[in-house]
Engineer: 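Can you keep this structure in mind? I'll have questions shortly.
When a ligand or atom number is given, it counts from 1 through the structure's own listing order. We count residues from 1, following the sequence as given.
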Amino acid sequence: MLPVYLDHSATTPLAPEVLQAMLPYLQHAFGNPSAIYTAGQEAREAVERAREQVAQLVNADPDDVYFTSGGTESDNWAVKGVVRAWGSRRSHLITTSIEHHAVLEACEAVREMGWEVTLLPVDRYGIVDPDEVRRAITPRTGLISIMHANNEVGTIEPIAEIGAIAREHGIPFHTDAVQTVGRIPVDMQALNVDLLTISAHKLYGPKGVGALVVRRGTPLRPLLDGGGQERGRRGGTYNVPGIVGFGAAAERALLHMAEETERIRALRDRLVQGILERVPDAVLTGHPTQRLPNNAHLAFADVEGETLVLSLDAAGIYCSAGAACSSGDTEPSHVLVAMGIEPRLIEGSVRFTLGKDNTEEQIDYTVEQVAKAVQKLRSLRVSR
Ligand code: PLP
C-alpha cells in the first residue's frame with residue numbers, strides 16, 4: 001500500500017505502456033528524424049504518429065501540433081510568440097492573477113518590452129468572470145491567456161465562454177491546459193482556443209516534453225530559432241523517445257480517461273469527506289463542483305502546511321503544500337492570496353492530487369494519518 005502518492009498535479013509516474021513504446025527509441029531506433037536515410041525516416045514516422053495521437057486527444061489538426069520541451073516552454077512561446085508577431089500594432093494583454101508562473105513570468109517579460117498587462121481578479125473559488133474579460137478588452141489588446149484549470153486549487157475556468165469573447169473581438173486566445181489534458185475531456189474546437197499548452201508528464205508520459213497546439217492563422221513568431229524543425233517554427237533536434245512517449249500517453253488517456261476519472265473522483269470525494277468529518281476546522285478550498293476530479297485542496301487552521309506535508313511524508317504519504325512546481329518557495333501562494341483566503345488558512349493549506357493507481361485502502365489510511373498529524377501539530381502549537 002505504501003508509499004501513497006498523492007501529488008499527481010506535480011507529476012505522474014510513467015505508465016508501463018508508455019515506457020514500452022519509448023524503449024526502442026532509447027535503444028536501437030536512435031535515428032534523427034531530420035535525416036533522409038531509412039533510420040531517420042523511421043524516427044520521423046514515429047514522431048508523426050505521436051503528433052496524430054496528441055492531436056486526437058484535444059480534437060486538433062495534427063498539423064497544428066508543435067512539440068516543445070514541456071509546459072513552461074509552451075507557455076513562454078504562446079505569450080512571447082504572439083506579442084512578437086504583433087510588433088507595434090498591439091500593446092496590451094489580458095491574463096489572470098492565478099496563472100502558473102510560466103505564464104506570469106512570460107507576461108512580466110513582455111511588460112518590460114513595453115506592453116501593458118491586465119491581471120484579472122478571481123472570486124473566492126478561483127473563478128474568472130467572463131464579463132471582466134470583456135470589460136478589459138481595448139483596441140490595443142493582442143492576447144488573452146487564461147488557464148483551463150488551476151494547478152493549486154483545481155478550479156476549472158469558463159474557457160469556452162471566454163474563448164467566444166476573444167473570437168468575437170479577433171484576439172488570439174491561449175489556454176494553459178497542462179492540468180486538464182488527460183484528466184478531463186479537452187476539445188480545442190469546443191473551447192474556442194487558438195493556442196493550447198500541454199505537458200506530457202501530467203498524463204503518465206515522460207518529463208521534458210510537451211506541445212503548443214496552434215490553430216492555423218494565429219499570429220505567432222518562433223521562440224527558439226534553429227535548424228528549421230517543426231516546419232520552421234521550433235528549432236532543436238527532436239526528442240524522439242519523449243515525443244513517442246507523449247503520443248503513447250495521449251492514446252492511453254483517450255482509452256482510459258472516462259473510466260479512470262470516475263474512479264478517481266469517487267476516491268477524491270471519499271478523501272475530502274473523510275478529512276472534513278475527522279478533522280475540526282478543516283475547509284475545502286477552490287470550487288465545490290467546478291474542479292479537477294483528482295484535486296482535494298484543504299486548509300487546516302493553526303497548522304503549518306509544510307510541517308504537515310513532512311509529517312505525512314514520515315507516514316509514507318506524498319502530497320504538497322501550495323504549488324509543488326515551485327517548491328522551496330516560502331512566499332504565500334499567489335493563487336490563494338488572489339482568492340482572498342485568510343492568511344491563517346493559506347499557511348495551513350495542503351494539496352492532495354490523486355491518480356490512477358490510488359486505492360480506497362490508501363485513501364482511508366491517508367484520512368487516518370491526516371487526522372492524527374493535524375491533532376498532534378495543533379497540540380504542539382498550543383503547548384509552545
Ligand atoms: N502550467 C501549469 C498549470 C502547470 O501545472 C505546470 C507544471 O506543474 C506547468 C505549466 C509547467 O509545465 P512543465 O513542468 O512541463 O514545464
Side-chain angles (χ1 to χ4, degrees), residues 5-14 18 54 57-58 65-81 95-109 122 126-128 145-157 159 174-184 186 191 193 195-213 223-224 234 236 239 242-243 245-247 249-250 253 286 291-295 297 318-329 333-336 338-339 351-355:
Y5 184 74
L6 295 174
D7 204 14
H8 291 81
S9 278
T11 196
T12 57
L14 206 62
V18 172
V54 171
L57 182 59
V58 296
V65 174
Y66 296 88
F67 290 116
T68 66
S69 64
T72 300
E73 182 188 329
S74 297
D75 283 346
N76 269 271
W77 185 13
V79 172
K80 296 173 184 171
T95 185
T96 78
S97 45
I98 61 159
E99 297 300 308
H100 189 269
H101 285 295
V103 166
L104 288 177
E105 295 302 318
C107 290
E108 192 46 43
V122 293
I127 298 262
V128 179
S145 177
I146 296 179
M147 69 199 322
H148 193 187
N150 182 264
N151 47 300
E152 291 187 41
V153 293
T155 300
I156 300 172
E157 302 298 342
I159 290 302
H174 168 240
T175 193
D176 175 339
V178 165
Q179 291 293 340
T180 50
V181 173
R183 298 211 171 101
I184 58 173
V186 175
L191 292 177
V193 165
L195 304 118
L196 183 98
T197 291
I198 318 176
S199 177
H201 75 99
K202 311 287 183 176
L203 52 140
Y204 307 102
K207 294 170 183 56
V209 60
L212 184 65
V213 189
L223 181 70
L224 295 184
R234 197 273 182 184
N239 168 8
I243 290 170
F246 185 11
R291 71 187 300 143
L292 289 172
N294 74 326
N295 175 296
H297 192 281
Y318 299 138
C319 59
S320 73
C325 286
S326 56
S327 77
D329 210 335
S333 145
H334 67 287
V335 175
L336 300 177
M339 288 163 61
R351 180 186 73 178
F352 302 92
T353 45
L354 286 69

Engineer: Within the distance-only criterion (no hydrogens, no angle test), does the side chain of Thr197 pair as donor or acceptor with the backbone N or O of Asp176 below 3.5 angstrom?
Structural biologist: no

Engineer: Just let me know how Glu73 lines up against ligand 1, side chain, backbone, both or neither, with a heavy-atom cut-off below 4.0 Å.
Structural biologist: neither

Engineer: Using modelled atom types only, decide if a donor and an acceptor are shared between the side chain of Lys202 and the backbone of Thr12 within a distance under 3.5 Å.
Structural biologist: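 Not confirmed, Lys202 side chain does not pair with Thr12 backbone.
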
Engineer: Going by the closest heavy atom to atom 2 (C) of ligand 1, which one wins out of His100, Met147, His201?
Structural biologist: His100

Engineer: From atom 16 (O) of ligand 1, work out which of Thr72, Asp75, Asp176, Thr175 has a heavy atom at the shortest distance.
Structural biologist: Thr72

Engineer: Look at the aromatic rings of Tyr66 and Trp77 and report parallel, tilted or perpendicular, splitting at 30° and 60°.
Structural biologist: perpendicular

Engineer: Taking only heavy atoms of Ser199, which atoms of ligand 1 are found under 4.0 Å from at least one of them?
Structural biologist: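 Those of ligand 1 that fall under 4.0 Å from Ser199 are 13 (P), 15 (O).
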
Engineer: Do Ser145 and Glu99 have side-chain atoms, one donor and one acceptor, less than 3.5 Å apart?
Structural biologist: no

Engineer: Between Gln179 (side chain) and His148 (backbone), is there a donor-acceptor pair under 3.5 Å?
Structural biologist: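 Checking the backbone N and O of His148 against the side chain of Gln179, no donor-acceptor pair under 3.5 Å is found.
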
Engineer: Answer with yes or no whether the side chains of Thr353 and His8 bring together a donor and an acceptor at under 3.5 Å.
Structural biologist: no

Engineer: I'd like to check which ligand 1 atoms, numbered from 1 as shown, lie under 4.0 Å from a non-hydrogen atom of Gly70.
Structural biologist: 15 (O)

Engineer: So which bit of Lys207 gets within less than 4.0 Å of ligand 1, heavy atoms only: side chain, backbone, both or neither?
Structural biologist: neither

Engineer: Counting from 1, what ligand 1 atoms have a heavy atom of Gly71 closer than 4.0 Å?
Structural biologist: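 Result: 12 (O), 13 (P), 15 (O), 16 (O).
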
